[in-house]
Amino acid sequence: MKQLDLRRFPGFFAITLLCVVVLYAPLMVVSVYSFNASTSITNWGGFSLDWYVDVFTGPESPKFQRAAMNSLIIAVLAGLCATLIATSAAVAMHRAGRFKGKTATFALINLPLMVPEVVTAVASLIFFTAIGFSGGIGTILLAHITFCIPFAYLPIAARMQSVPDSYEQAAMDLYATPWEAFRLILLPLMMPGIFSGFLLAFIISLDDFLITNFVKGAGVETLPTAIFGAVKQGIKPNIMAISTLMLGVSVVFVTLSWLIGRSGQAKKP
Amino acid sequence: MAAMAPGGASSSEIYKGNASRLLLPTWVVIGVFLLVPVALMATYSFLTKEFRGGVIWEFSLAAYDQFFLDRGLFGDEPPKIEWTYITIFWRSIWQAGLATILCLLIGFPTAWFIATRDARMRTVWLLVVTVPYWVNLLIRTVSMKFLIRDEGPLNAMLLWSGLIDQPLGLINTNLAVQLGLFYSYLPFMVLPIYAAVERYDFALSEAAADLYAGRWTTLRLVILPVVKPGIIAGCILVFVPSLGAFLAPDLLGGAKSFMIGSLIEEQFKGAAGNWPFGAAAAMILMTIVMIVLLVYARSQTREAKA
């Protein structure tokens with residue numbers, strides 16, 4: 001009883017509720033208004049799905065669908081590349097002993113997290129312009145792979161640290177080559193970490209607005225840049241419907257990664 | 001994330017000798033697409049501007065001169081300090097600082113509350129706080145704009161309840177930007193503090209209570225020093241992105257709440273079109289952030305040694 005008391009501070013529960021209200025109120029309000037029948041965003045005209053129909057068939061739908069497709073392609077490719085690179089880096093950092101430049105490499109992997117986003121955006125724009133590269137979604141993809149690496153690395157490295165190397169040692173005692181030990185032993189054990197790494201990189205890529213807006217070529221849009229362009233002319237109900245759909249996608253992804261993370265943790269001793 | 005020790009604790013040597021081969025992709029990608037661009041940006045800040053974007057390859061200090069010195073309309077007066085851009089930077093620093101403090105005031109009790117639930121409720125609460133972090137930042141900022149604009153639901157509710165008799169006029173003010181920053185980065189504060197509180201040993205609180213320390217004394221003298229690394233990590237995760245934020249000041253603020261992010265963006269995407277100046281402003285921003293991170297890293301090493 002006494003211990004329970006030590007954990008309690010008066011008012012902390014109220015603040016937690018306030019925190020949740022602050023985090024959810026704007027999203028909830030937009031979700032509710034996306035079902036508004038009225039064309040005005042201010043007045044409530046009853047429940048309808050009109051704006052969702054508009055998102056898929058309305059006059060602006062081809063623009064947003066193309067942008068969504070670009071976003072998806074970039075996020076999948078950037079997520080995959082970043083995951084591959086990060087997995088390889090994690091093996092080097094946690095399974096290859098000491099080597100020269102290890103600390104510098106660690107700093108390099110985390111560099112995209114430390115440089116402010118707007119600085120990365122400016123630097124990338126200058127770089128791509130200087131080398132004269134402006135190929136469709138290519139610039140966006142390269143920039144996304146770069147800043148997704150640390151996000152993919154975090155869960156992968158964390159997982160690798162928690163997997164003892166005795167299984168691989170045993171395999172190599174039985175004459176497995178290092179490549180076989182990696183492919184047949186370490187990789188399967190790493191899968192939960194690799195999958196959460198990919199999901200994190202995927203979401204981070206999907207989320208990015210600033211860097212994309214700087215490096216994208218003329219006429220190429222991702223979903224965030226298309227939404228930003230539209231919002232600059234005022235918030236319209238179809239934007240609220242798109243926002244609510246994206247909110248739904250995010251919720252599905254968090255739940256998914258949470259379930260995977262839990263299945264990964266369950267195996268820990 | 002920055003708290004992780006270089007290389008981690010594991011010293012496995014299974015794939016010894018393959019490190020450079022395994023790290024080659026990382027070095028190439030981050031080197032070519034981040035290090036080289038940043039170096040190029042540093043160079044651009046010392047070049048001459050070309051009309052409407054781009055640069056002329058000729059050394060010049062004009063960008064930094066324009067940032068710090070006011071030489072009058074025709075550039076022939078004795079130089080005075082130029083306050084325009086320093087004011088914008090200063091505003092960004094205090095907005096980011098205030099957002100950090102607000103996030104801490106709300107985030108610490110929230111993290112504490114969540115970490116002291118039983119295992120099942122803890123996961124539920126944690127999920128509740130994490131979901132907004134995964135939602136697109138642009139969409140969250142737009143939602144905030146929708147909520148607080150003059151004709152928006154917040155004002156409608158307050159007007160209806162009779163608490164106010166005219167809209168608050170929040171939009172396009174510093175306060176709106178502050179609200180946006182606070183709302184954007186609040187989860188960044190909760191998560192690292194939660195991780196620290198979760199590892200907190202309550203025997204310490206018991207010992208303090210046995211020595212007649214009250215609840216708040218225990219918080220101040222025992223709990224806060226122990227979970228300090230989590231608090232500092234949270235503060236950095238809020239302060240650094242707030243400082244260079246673009247979406248919150250751009251969508252929620254007006255001319256009087258202009259911040260660094262918008263100033264830089266305007267040089268490349270907007271009407272200003274002065275690349276060396278934009279590069280110089282970005283360099284100054286990066287320097288401030290690197291100083292903050294260095295101070296943090298040094299305090300970490302000092303703590304690790306102690």
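So you know, we letter chains A, B, ... as the sequences are listed, proteins then strands, and number each from 1.
For B:Lys269 (side chain) and A:Asn213 (main-chain N/O), a donor-acceptor pair under 3.5 Å exists by modelled atom type. A:Arg98 contributes no side-chain N or O that, together with a main-chain N or O of B:Glu13, makes up a donor-acceptor pair within less than 3.5 Å.
Between B:Met290 and A:Val115, the closest side-chain pair of non-hydrogen atoms falls below 4.5 Å. The shortest distance between side-chain heavy atoms of B:Glu265 and A:Val118 does not fall below 4.5 Å. Annotation: side chain of A:Pro112 is in contact with side chain of B:Ile30 (closest heavy-atom distance under 4.5 Å).
With a 4.5 angstrom heavy-atom cutoff, A:Ile235 touches chain B only via side-chain atoms. For A:Val20, the part sitting under 4.5 Å from any heavy atom of chain B is the side chain, from C-beta outward, and nothing else. For a residue to count as touching a neighbouring chain, one of its non-hydrogen atoms must lie under 4.5 Å from one of that chain's; by this rule A:Glu168 touches chain B with backbone and side chain alike. The contact between B:Ile14 and chain A is made by backbone and side chain atoms together, counting heavy-atom distances below 4.5 Å. Contacts of B:Ile236 with chain A are absent, with no heavy-atom separation under 4.5 Å from either backbone or side chain. Proximity to chain B is limited to the side chain of A:Phe209, based on heavy atoms less than 4.5 angstrom apart. Using a 4.5 Å cut-off between heavy atoms, A:Val231 touches chain B through its side chain atoms alone. With a 4.5 Å cut-off on non-hydrogen atoms, A:Ile15 touches chain B through its backbone and its side chain both. Proximity to chain B (any heavy atom under 4.5 Å) is shown, for A:Leu200, by both the backbone and the side chain. In this structure, chain B has heavy atoms under 4.5 Å from both the backbone and the side chain of A:Leu23. Residue contact with chain B, scored on non-hydrogen atoms closer than 4.5 Å, involves the side chain of A:Leu210 exclusively. For A:Phe128, the part lying under 4.5 angstrom from a heavy atom of chain B is the side chain only. For A:Leu18, the part lying under 4.5 angstrom from a heavy atom of chain B is the side chain only. Interface residue A:Thr146: backbone and side-chain heavy atoms are both found under 4.5 Å from chain B.
Using a 4.0 Å cut-off between charged nitrogen and carboxylate oxygen, A:Lys232 and B:Asp250 count as a salt-bridge pair.
Ring geometry for B:Phe113 against A:Phe13 counts as tilted: the plane angle lies between 30° and 60°, on a 0 to 90° scale. Ring geometry, B:Phe246 versus A:Phe228: the interplanar angle falls from 30° to 60°, so the pair is classed tilted.
The neighbour count for A:Arg183 CZ, taken as heavy atoms of other residues, nucleotides or ligands under 6.0 Å away, is above 12.
Minimum interatomic distance between A:Ala181 and B:Tyr15 (heavy atoms only, all atoms of both residues): C-OH, 3.7 Å.
Options B:Trp134, B:Trp216, B:Phe268, B:Tyr44 differ in how many heavy-atom pairs under 4.5 Å they form with chain A, and the most are formed by B:Trp134.
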